Amino acid sequence: MANASPPDGNPLLANHGLPDFGRIEPQHVVPAVTHTVERARQQLESLEQHLAPDWDRTIALIEELDRPFDYAWKPVGHLFGVKNSPELRTAYDTVLPQVVEFGLRVRQSEPLYRALKQLRDGPEWDRLEPAQQRIVSDRIQEAELAGIALPPEKRERFNQIEQELSQLATRYSNNVLDATKAYGLEITDPAATEGWPSSLRQLAAQAYNTAHKEDANPPAATPERGPWRITLEAPLYVPFLEHCRRRDLREQVYRAFITRASREPFDNTPLISQILRLRREKAALLGYRTFADVSLARKMAPSVDAVQDMFQQLRAASWEPGQRDLQDLVEFKQQQGDHEPLQLWDVPFWAERLRESRYAYTDEQVRPYFPLERVLEGLFALLHRLFGITVRPTVAKVSVWHPDVRFYEVFDEEDRPIAAFYLDPYSRPENKRGGAWMDDCLGRRQVDGHWQLPVAHLVCNQTPPVGDTPALMTFHEVETLFHEMGHGLQHMLTRVDYADAAGINGIEWDAVELPSQFMENWCYHRPTLMGMTRHYQTGEPLPEELFQKICAARNYRAASQMLRQLLFGMTDIELHTTFDPDGAETAFDVQRRISQQTAVLPLLPEDRFLCSFQHIFSGGYAAGYYSYKWAEILSADAFSAFEEAGLDNDQAVMEIGRRFRDTVLALGGSRHPMEVFRQFRGREPRVEPLLRQQGLLSDETPA
Ligand code: ZN
C-alpha cells in the first residue's frame, strides 16, 4: 500500500492510498475540511433531487459522499489524539462544527428518509442482501429516533425537548466539574501521608500548587514535604482511599465524594428529575413505552426484560460471594489489630492491604519478562493459530506521524494482503492523549472498481525504550494491546462489502466489546502467555509463581465489583422504565431500594451518587449502562467455546478460531449481533461462562 498525496498540494485532499501522515500540517486542516464539507453539501443538495427507491440511487450515493472525509477529516481526528498542538487544536475547533452539522444534515435529510422508506416498501427490497437491508432499516430507524417522522406540532415539541436535554446535560456535567473543583482536603502534616505511594504524593503536591497558583506568594509544594491537596478526581481520590492510613481523613473525603454536586450552588438534584421527565416525554412522542425501550431499539439486548433477567442472574450469583468478600476484609482487619467496625470509607483501604498480602507482585517485577517485540511475536503467532492470518512488518516505506510508529500488513492463508494497521505503542505525554484505542483509518469498500483494504490504528501508551533497555510492558499493558487488537481484527477481517456495515460500523453498542474482551482472555492462557515472555537480560520465561499470582488477582473481589456495577446498571434501568419523576418516590429512593439488593455494606442515607453519575445523565449511557456486563457475558461465552473444546487441542482451537473469524469478525454490522452470535456459538449467549471465569458459579466457589 503506497502513500498518495497531490505532489505539492494539500495532503488532506488526497483520494486514494494511505493518508500521507508525515506531511500533514495544522495549516492544511481548515482549507481541506472546509472545501470537503462545502463540496459534500452541494453534492447532497443535488443528490436529494435525484434520489430514487433503489440501492444505487440512495445509500450508494451517500457512501460516495462520505469518502472524501476519510482523507480530509479522519486523519485530523487521529492526529488530534496522537500529535496534538495548539495550532492543530485551533484548526480542529474551527472545522469541527461544520463536520458535525453536515453529519446531522445527512441523518435528518427528509428526501433521503422518504427514498429509503420507499425502497423498504418497494419491489427492490427482496433483491437486496441481508446486509443491505439492515443498513437501510438502521438508517430509517436512526432518522425516526431523531424525530423525522413526527407530525409538525409534535416535531416542534420533540426538537424543544432535544434542545433542553442537551442544555441540561451540559449543566449537569458542569455542576459535577465545578463541585469537584470546589472541594479539596489540604494536608500539611507529613505524618498523615505515611504509607502513600510516591505517585500519590506527587499528584497531591501538584494539585496543591495548581489550586494556589494565583496566591500572592504561590507555594512550591513538593512530593516529600507537602503540602498536599486531595481532590475528588479519580487519580487522587482512588489511591487516597486505598492508601491513607488516617481513617478520619478517609471518612471526610469519602463523604464529600458521595455527596458531590448535590448541594447549592452546584446542585444536580432538580436537573435529574427534569432530565428524566423530558426523556419520558420524548419516548412517548416517539411511540415507545419507556425511555429504556428507546435506548434498546438500537442495541443487541432484545428487551428490558432480557436486561432485567441478566441482572437477576448476575446478582443471584454474586450476593453471597460478595458477603464473603466483606467478611474477608473484616477478619483481615481484625488480624491486623484494628477492631473498629468496618465502614464504607475503610473498604478500599483494607481491600488493598488484603490484596497486597495475598497476591503482591509489582509491575516492576513483571515488566522485564515482557519486551514489546516478544509480546508482538506471541500475539501474531496466536492470530496465526486462531485465524490463519499472518502479520508482517511492511517492507514499503510508509509515511507516519512519529518515527516510533510501525506499519504492519495482514495476509490470508494464500498470502494475499487483506488488511493493514499502524501501531503507535509508546506514550508521548507532550502531545499524545492517554489511554489506548483502536480507530479505523480506512474501511473496506469498493473504490473505482477495486477493493480498498481496511486499515486500522492501534494506539497504546506504554513506556518507551530507555537507553539500552528495550520497551518493557506491564501485564496490564499486554492485556490492553490484546484488547485493542480485538477491535482491530473486527475492523480488518471484515468481509462485508458495504461501508456502513463493514468492520465495526453499524454494530450495536452493547455488542462492540465482544472481540476486544474475547482477546483479553488469551492473556490468562498459560501457554499463550508464557510463550510471550522472555526476560530481556536472562532470556528466562515468566516464573510460574508470578503467573499464578496474575491469574489469582484477576478474580480478587470479583463479586464485590460485580455488585457495584449492578447497583449502577439496575438503578439506570429502573429510572428509565418504571420511575415517575413526579411520583412519591425520589430517584434517590430508587437508588437506595436497589442498593438493598446490591450493596453488602449499606450505603449512607445521604449518598447522592446519582448527582455525579455522568454516564447516564450527561454521557451516552442512559438506559445503557448494562452494556458493560452484556458485552462481558458475550466475550466470556465466546471464549468458553474454545475452553470446552480444550485450549490445548490445536485442531479444535483452529476450527473454532476460523468460525469466530467467519462470524463475529467477518460479519461485523451486516447482521443483527444476536444472529451473528448464534452463528458462532450455535445458541444464544449464557451467563454461566462469565460466572465461571470470575469464580462465581456456586458449585465452584468454596462453601
Ligand atoms: Zn474496547
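Numbering of ligands and ligand atoms starts at 1, following listing order. Computation of the quantities below employed the complete heavy-atom set of this structure, encompassing side-chain atoms and omitting hydrogens, waters and symmetry-equivalent molecules. Fair warning: this is a prediction, and the values are worked out from it, not measured in the lab. Along the sequence shown, residues are numbered consecutively beginning with 1.
Taking the six-membered ring for Trp and the full ring otherwise, Y92 and W73 have centroids separated by under 6.0 Å.
Scored by the ring-ring contact (aromatic ring centres under 6.0 Å, His included) test, H525 finds W522 as partners (sequence neighbours excluded). With sequence neighbours excluded, the residues satisfying salt bridge (Lys or Arg N to Asp or Glu O under 4.0 Å) with D424 are R428, K432. By the ring-ring contact (aromatic ring centres under 6.0 Å, His included) test, F568 pairs with F609, F613, Y625, sequence neighbours left out.
Excluding water, every protein N/O/S atom under 2.8 Å from the Zn ion (ligand 1) is given here by residue and atom: H483 NE2, H487 NE2, E513 OE1, E513 OE2.
Side-chain contact of H672 with E508: a donor-acceptor pair under 3.5 Å is absent, judged by distance alone.
Judged by distance alone, the side chain of R298 and the main-chain N or O of W509 form no donor-acceptor pair under 3.5 Å.
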